[in-house]
Amino acid sequence: MLFLPLDWNNSNISALTAFYMAHYLDELNNVQRAAVTTTEGPVLVIAGPGSGKTRVLTYRIAHLLESGVPPWQILALTFTNKAAREMKERIEHVVGPNAQQVWAGTFHAVFARILRSEASRIGFPSNFSIYDTDDTTSLLRAIIKEMNLDPQAYSAGAIRSRISLAKSNLVTPKAYRDNADMMQQDRQAKRPYIADIYEKYTARCQRSGAMDFDDLLLQLYRLFRDHADIAAKYQQKFRYIHVDEFQDTNFLQYAILRRLVKYPGSPENIFIVGDDAQSIYAFRGATIDNILDFEKDYPTLQTFKLEQNYRSTHHIVSAANEVIAFNRRQLNKTIWTDREDRHKIKLVKCVTDDEEGRRVADLILEQKHRYHLLNAEIAILYRTNAQSRKFEEHLRRLNLPYRVFGGLSFYQRKEVKDLVAYLRMAVNPNDEEALRRVINYPARGISPATVDKISAYAGERNMTMWDAMLFIDVPDRARKSLAIFRNMVESWQGRVSTDTAYRLASDILRRSGLLDALKSDTSPEGIGRLENVNAVLDAISEFTDTNNTLFEANGPDALNDAPSLAAYLQTISLLTDADEAAGERDYITLMSTHSAKGLEYRSVFVTGLEENLFPSFMALEEPNGLDEERRLFYVAITRAKELLTISYAQNRYRYGQIRSSEPSRFLEEIDTRHFELLGGIGASRPPAPQTVANPRASVSGYFSKPRMRQTAPAGPQAGSANFTASPSEAIVPGATVLHLKFGEGKVKSVEGPQGNKVATIQFKDDELPDRRIVLRFAKLQVL
DNA sequence: TAGGCTGTGGTTGCG
DNA sequence: CCACAGCCTA
């Protein structure tokens with residue numbers, strides 16, 4: 001940290017900035033620096049894993065600011081909040097508070113911000129609701145039910161992804177109906193009415209003043225397409241546009257970008273960063289064509305390839321290169337590293353998924369001691385979230401702290417969604433999903449039959465349920481209840497613009513009856529739920545405070561606009577569980593391979609490398625599914641800086657029964673010289689790694705059963721039946737001991753304080769000269 | 001109107 | 001096996 005003089009002024013600041021800039025430009029390699037300083041015209045940066053992509057992006061923006069470009073003319077789009085936050089922080093670190101005014105955010109956040117100020121032009125209120133996946137699914141379920149369609153053939157989730165795909169490809173309901181291909185597919189899948197569902201769904205969203213996640217893109221596209229003046233406004237405004245992870249953009253996102261960049265007289269200052277080898281979201285509409293075709297759309301394009309990997313050691317980079325070489329249709333590049341090797345890739349073969357869990361946990365403990373790793377430097381990755389359980393069990397057994405990503409986000413919890421639905425009602429009472437959620441929760445005498453009546457009435461007359469409530473014919477009791485509900489919501493509506501968001505929200509919590517309902521539950525879970533809704537109130541007050549400050553400092557033309565309740569609601573609907581404050585705790589990360597993209601750890605465990613799991617059986621049926629799985633595996637292994645461990649199990653519980661599985665084909669695509677094999681309990685000793693002249697030709701069969709010795713051991717496993725662990729006092733230098741996993745060994749030394757002693761043991765059948773064993777956890781028997 | 005029972009189906013998931 | 005939706009019952 002540099003000490004700032006007290007009388008600093010503008011010239012000091014720019015001198016300071018210049019100092020930082022010069023300093024930072026020196027930190028870039030030649031290609032990186034060339035990319036950063038090429039500020040005019042279209043630029044494509046192909047960035048391999050660990051090649052300093054974020055650095056290039058942030059320094060480029062800092063460089064623009066330094067050359068006098070006003071921050072509000074700079075747009076930087078990312079896919080995740082995390083990436084956006086990181087980028088902003090790093091720009092701020094280089095250029096100071098000026099960074100706040102750069103329009104850096106996720107596609108969804110930036111577009112929602114624009115839509116909020118221009119919504120009236122496309123028939124939406126500026127305080128439109130954002131439907132999350134749950135809202136969308138439940139609305140679709142309602143529509144399917146109303147249409148009397150078979151909910152089994154029309155599973156709401158499947159319909160949702162179909163509609164999402166249509167939207168991502170700019171296919172309107174009408175275009176969908178006219179699209180012979182899609183209609184034919186639907187007929188074949190025995191779901192001929194998807195187009196009708198899509199049409200109804202769109203109408204209902206519009207009526208409710210709601211947009212789903214895809215709409216944030218689609219409606220922005222429509223806004224620009226149909227309103228030349230607005231398009232021109234933003235074309236003029238954003239002189240420099242940046243896109244991170246460009247390989248994950250879909251057709252619609254690209255269409256929007258093109259509209260922002262391509263117009264008569266445009267400087268075409270678009271800077272995109274991506275890696276075709278890391279494209280793993282084709283299944284949700286991302287198209288690799290965008291990056292492959294970019295050059296055709298921008299003939300003056302300048303391309304830079306970042307090929308030096310600063311993250312991983314040689315074995316890891318080579319393994320990654322070998323695997324990805326099996327994919328066809330790639331941008332030509334060679335990723336290399338000069339990071340010296342200390343470790344081979346550990347390959348752990350297990351008999352069962354339980355053993356996999358145990359051995360990964362044990363290895364983590366061992367690595368922590370051996371290499372002084374923090375928990376935060378370790379990640380366990382898996383293909384499907386269901387695999388996390390085994391690892392959790394075994395990490396708990398060893399008292400290792402961990403955090404599982406990919407679960408419910410805070411804002412998806414029931415009690416939180418309930419409160420948020422009430423807040424949404426206050427801001428936008430036409431919001432049908434919010435209304436359905438809270439109209440009779442807590443119970444206030446409005447039966448499902450009444451709700452159905454309201455819904456039917458609204459449907460017939462194309463009005464909102466909020467309005468339809470006034471007209472329907474119901475018994476007096478229900479009528480009274482409805483009137484009370486309506487009055488309550490109306491009283492809040494008036495306060496949205498006059499009262500503070502915090503006061504209003506806490507009143508809503510009390511007046512709605514939600515607080516009492518939660519208080520009546522005194523179970524530990526119930527208390528937790530109460531704490532959660534209170535946390536929402538705290539979050540609201542924090543949101544208003546921060547945004548007030550930002551708003552006052554940066555004015556209306558900033559990504560953070562005035563801190564209204566509506567703005568808060570839109571913000572939280574764009575958060576995921578990865579965005580939650582993790583706390584200061586040092587924990588091991590458990591996440592799916594998808595979520596790991598963009599992250600790095602000193603030690604990474606890539607697990608479940610089995611056919612039909614990784615690659616997934618679902619992907620194997622898709623046309624380009626295998627290639628995408630391979631890219632996913634590529635992403636997974638390139639997360640590791642120093643230590644990479646890959647594991648697989650021969651038997652795994654899936655859908656209630658044990659199923660046996662073959663090792664993943666991806667393992668055969670890596671030259672065995674990068675591996676160090678750790679056999680299972682069943683293997684008496686790990687087979688020695690072998691180097692072969694032509695690995696591609698000869699590895700086949702390397703992983704298959706005949707080669708894997710399955711000797712019933714006289715040692716470890718047989719011993720496990722009558723194995724009794726000796727007390728740690730008995731483990732003294734010179735003693736011969738039996739370890740459940742490593743077999744027989746000799747204790748060389750014992751060190752550390754009582755209760756936390758660590759023994760160095762030389763095992764007979766071990767590829768390592770010795771191992772450090774923590775006696776507190778070890779299962780050792782003195783022989 | 002909450003809770004229990006039954007049947008079903010089951011990747012990955014940004015925002 | 002486990003989660004979840006939808007139906008039925010107290």
Side-chain angles (χ1 to χ4, degrees), chain A residues 77-84 105-113 130-138 141 144-145 151-152 155-158 160-161 164-165 167-168 211-218 244-245 247-250 253 279-286 353 381-387 389-390 405-409 411-412 414 440-448 517 520-521 570-579 591-598 608 612-622 625 628-629 631-633 635-636 652-659:
Chain A
L77 297 169
T78 65
F79 276 81
T80 63
N81 291 305
K82 190 170 186 298
T106 63
F107 277 88
H108 292 85
V110 170
F111 293 178
R113 169 73 182 85
I130 296 176
Y131 278 178
D132 67 13
T133 316
D134 288 348
D135 296 321
T136 297
T137 312
S138 88
R141 201 169 284 133
I144 290 161
K145 197 173 159 193
Q152 247 154 58
S155 90
R160 181 171 48 77
S161 48
S164 172
L165 208 62
K167 287 185 175 179
S168 315
M211 299 194 198
D212 66 19
F213 292 138
D214 297 312
D215 285 331
L216 294 177
L217 314 181
L218 186 59
D244 191 15
E245 305 276 16
Q247 75 281 355
D248 289 337
T249 52
N250 60 35
Q253 284 161 323
S279 157
I280 54 173
Y281 286 115
F283 75 90
R284 65 176 193 214
D353 50 348
L381 308 182
Y382 34 75
R383 180 66 238 275
T384 68
N385 289 118
Q387 288 165 253
R389 245 194 49 215
K390 278 289 167 214
F405 289 82
L408 275 193
S409 101
Y411 287 101
Q412 285 175 312
K414 184 189 176 301
N440 197 40
Y441 183 80
R444 54 171 67 87
I446 302 171
S447 69
S520 68
D521 182 353
Q570 292 186 355
T571 306
I572 61 167
S573 60
L574 299 177
L575 298 177
T576 69
D577 73 323
D579 301 319
M591 58 168 59
S592 72
T593 38
H594 280 91
S595 323
K597 196 166 69 157
N612 296 319
L613 180 62
F614 201 173
S616 143
F617 67 101
M618 297 288 265
L620 290 173
E621 290 167 16
E622 304 280 311
E628 176 141 321
E629 293 287 304
R631 290 192 294 268
L632 185 57
F633 182 56
V635 167
R652 181 179 294 278
Y653 265 100
R654 272 184 115 180
Y655 308 144
Q657 14 179 340
I658 297 179
R659 295 167 193 232

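Numbers restart at 1 for each chain; the letters A, B, ... are given by sequence-line order, proteins then strands.
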Straight-line distance of [X] [atom1] to [Y] [atom2], nearest 0.5 Å:
X: A/Leu574; Y: A/Asp132; atom1: CG; atom2: CG; value: 10.0 Å
X: A/Leu381; Y: A/Ser595; atom1: CG; atom2: OG; value: 9.0 Å
X: A/Ser592; Y: A/Lys597; atom1: OG; atom2: NZ; value: 11.5 Å
X: A/Asp135; Y: A/Asp212; atom1: CG; atom2: CG; value: 10.0 Å
X: A/Tyr411; Y: A/Thr571; atom1: OH; atom2: OG1; value: 9.0 Å
X: A/Gln387; Y: A/Thr593; atom1: CD; atom2: OG1; value: 8.5 Å

Under 4.0 Å between any heavy atoms, over every strand shown, what does A/Arg389 touch: base, sugar-phosphate, or nothing? Just pick one.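 Contact class for A/Arg389: sugar-phosphate only.
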Sugar-phosphate only, base, or nothing, as touched by A/Arg141 at under 4.0 Å among non-hydrogen atoms: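 The residue A/Arg141 makes sugar-phosphate contact but no base contact.
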Positional range of nucleotides in DNA chain C within the contact set of chain A, heavy-atom, under 4.0 Å: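 Extent of the interface on DNA chain C: C/dC1 to C/dG6.
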Give the ring-plane orientation class for A/Phe107 versus A/Phe79, where under 30° counts as parallel, over 60° as perpendicular and anything between as tilted.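 It falls in the tilted class, 30° to 60°.
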Below 30° counts as parallel, above 60° as perpendicular, anything between as tilted: where do the rings of A/Tyr281 and A/His594 land?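 Ring orientation of A/Tyr281 relative to A/His594: tilted.
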Would you measure the distance from the P atom in B/dT12 across to the matching atom in C/dA5 and give it in whole Å?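 Each nucleotide's P atom is 16 Å from the other's.
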Provide the distance between the two C1' atoms, one in B/dT11 and one in C/dG6, to the nearest whole Å.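 Comparing C1' positions in B/dT11 and C/dG6 gives a spacing of 25 Å.
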What string of B, S and - do you get for nucleotides 10-15 of chain B, 5' to 3', when a contact is any protein heavy atom under 4.0 Å? BBBBBB
